[in-house]
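Along the sequence shown, the residues carry numbers beginning at 1. The structure displayed is predicted, hence computed values, not measured ones.
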Amino acid sequence: KDGYKFVGIDYSQIELRLLAHFSGDEALVDAFKNDLDIHYQTAVKIFGEDEAKEKRSIAKSINFGLLYGMGSKKLGDTLGISSKEAKIYIDSYFQAFKSVKDYLKSLEEFSHVNGYIKTLLNRKRLFDFETANAMIKAAYLRESVNTLFQGSAADLIKLSMVEIYKKYKNNDNMKLLLQIHDELIFEIKDELLYEITKDLKEIIENIYSLRIPLKVTVLIGNSWQELK
């Protein structure tokens, strides 16, 4: 409305930060602690310095794909390359980030043995492996990995929403309008725009202590379109 702006605050690479936190992989943790471009760093480790810049997008697909249980066939289809070539990329990734493969495997094994997976705040998702056929079992294993990261990201955004509500519930100068995955969208009065936005950023980035820092991006505009 008149006299207000939209503000979008979005967790930056939250699932990958959670992967670094949970796995404790030294290379991932160091990259985030030093505020490096994780997709570029992945490209460097897989393709080398000379090719890293042009192959950053491939590294990005690998980084996120592994969190969703993407195998060599799916990655190959996504990148328009053969499954054989995609498998080489995935193997190179696991050589570079040595702890990640073992950690993801341990998640699958835990879920299979115990029939559930827990998020950062100990919310459980249950899986009925006993009655599952091979196809459903494979889906459950992928979902077990995905649940930890997406579910924990949801934990963090909900914690942030609770803290923001407590502080601003009687404040007419701002409203939380929408939560979309790992993004919050606010309407904030022009006169207090930067003061409140700075405070919101601090709340969201410090809502929970991980091995690595949480980071957000902030966008300001007169329409939702301007926040994209």
Side-chain angles (χ1 to χ4, degrees), residues 8-25 28-29 32 38-39 42 60-75 77-78 86 90 93-94 97-166 176 178-185 203-217:
I9 303 180
D10 192 344
Y11 272 126
S12 172
Q13 300 170 334
I14 186 64
E15 286 103 340
L16 291 173
R17 289 177 188 273
L18 286 164
L19 175 60
H21 169 73
F22 285 121
S23 71
D25 183 85
L28 271 181
V29 169
F32 281 122
I38 191 62
H39 302 311
T42 299
K60 184 176 180 178
S61 294
I62 296 168
N63 276 335
F64 286 115
L66 292 173
L67 297 179
Y68 300 109
M70 187 184 286
S72 56
K73 185 181 185 311
K74 178 68 174 173
L75 180 62
D77 291 345
T78 300
I90 291 173
Y93 175 94
F94 285 133
F97 301 102
K98 292 182 171 55
S99 308
V100 172
K101 185 175 185 177
D102 290 342
Y103 180 69
L104 296 180
K105 190 69 181 169
S106 74
L107 286 178
E108 292 182 351
E109 288 171 355
F110 179 92
S111 177
H112 191 219
V113 170
N114 296 283
Y116 70 88
I117 208 78
K118 288 197 299 186
T119 69
L120 185 69
L121 298 186
N122 294 318
R123 290 186 300 117
K124 285 185 180 180
R125 181 174 178 184
L126 306 178
F127 297 98
D128 183 9
F129 282 99
E130 289 186 14
T131 62
N133 61 29
M135 188 173 73
I136 293 173
K137 178 182 172 185
Y140 283 169
L141 292 175
R142 287 194 302 273
E143 288 168 19
S144 297
V145 172
N146 186 226
T147 292
L148 176 68
F149 300 110
Q150 282 204 325
S152 297
D155 287 347
L156 292 172
I157 202 77
K158 293 300 194 298
L159 280 180
S160 297
M161 291 168 73
V162 168
E163 285 306 307
I164 290 164
Y165 172 76
K166 285 179 188 173
L176 171 58
L178 287 170
Q179 177 250 325
I180 309 159
H181 303 300
D182 50 11
E183 179 182 16
L184 298 177
I185 296 178
I203 290 172
I204 297 168
E205 287 186 336
N206 294 287
I207 198 65
Y208 197 95
S209 180
L210 300 178
R211 290 179 199 249
I212 44 88
L214 288 168
K215 293 278 185 180
V216 297
T217 55

(request) Take Phe127 and Ile117 through the test side chain to side chain contact (heavy atoms under 4.5 Å, CB included) and record every step on the way to the result. (result) CA-CA 8 Å; Phe127 297 98; Ile117 208 78; 4.2 Å; yes

(request) Decide side chain to side chain contact (heavy atoms under 4.5 Å, CB included) for Leu156 and Leu18; before the verdict, give the C-alpha distance in whole Å, the side-chain angles of both, and the deciding distance to 0.1 Å. (result) CA-CA 10 Å; Leu156 292 172; Leu18 286 164; 4.2 Å; yes

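Val29 and Arg211 get closest at one heavy-atom pair: CG2-CD, 4.5 Å. Closest of all the heavy-atom pairs between His21 and Leu120 is NE2-CD1, 4.0 Å. In plain terms, the two heavy atoms of Ile38 and Asn63 that are nearest each other are O-ND2, 3.8 Å. When every heavy atom of Ala154 is checked against every heavy atom of Arg123, the shortest pair comes out as CB-NH2, 3.9 Å. Minimum heavy-atom separation, Ala20 to Ile212: CB-CG1, 4.3 Å. Between Ile185 and Leu176, the shortest heavy-atom contact is O-CD1, 3.5 Å.
The distance from atom OG1 of Thr147 to atom NZ of Lys124, rounded to the nearest 0.5 Å, is 14.0 Å. Taken from CD1 in Ile203 to CG in Leu184, the straight-line distance is 10.5 Å, to the nearest 0.5 Å. One distance of note links NZ of Lys105 with CG of Asp102; it measures 10.5 Å at 0.5 Å rounding. Note that the CD atom of Gln13 and the NZ atom of Lys60 stand 8.0 Å from one another [nearest 0.5 Å]. Distance check, rounded to the nearest 0.5 Å: CZ of Phe97 to CG of Asp25 gives 6.5 Å. Rounding to the nearest 0.5 Å gives a distance of 10.0 Å between CD of Glu205 and OG of Ser160.
Ring centroid separation for the pair Phe64 and His39 comes in under the 6.0 Å cut-off.
Tyr11 places a side-chain heavy atom less than 4.5 Å from the side chain of Ile207. For the pair Tyr208/Asp155, no side-chain contact is recorded, criterion being any heavy-atom separation below 4.5 Å from C-beta on. A heavy-atom distance below 4.5 Å is found between the side chains of Leu141 and Phe129. At least one side-chain heavy atom of Glu143 sits less than 4.5 Å from a side-chain heavy atom of Tyr140. Residues Phe149 and Leu107 have side chains in contact (heavy-atom distance under 4.5 Å, counting atoms from C-beta outward). Between Leu19 and Leu66, the closest side-chain pair of non-hydrogen atoms is not below 4.5 Å. By the 4.5 Å heavy-atom criterion applied to side chains, Lys158 and Leu121 are not counted as neighbours. Taking 4.5 Å as the limit, every side-chain heavy atom of Leu214 sits out of range of all side-chain heavy atoms of Ile204.
A distance-only check finds no donor-acceptor pair linking the side chain of Arg125 to the backbone of Ser144 [under 3.5 Å]. Of the possible donor and acceptor atoms, none in the side chain of Glu15 sits under 3.5 Å from a partner among the backbone N and O of Gln150. Of the possible donor and acceptor atoms, one in the side chain of Gln179 sits under 3.5 Å from a partner among the backbone N and O of His181.
By the 30° and 60° cut-offs, the orientation of the rings of Tyr116 relative to Phe110 is perpendicular.
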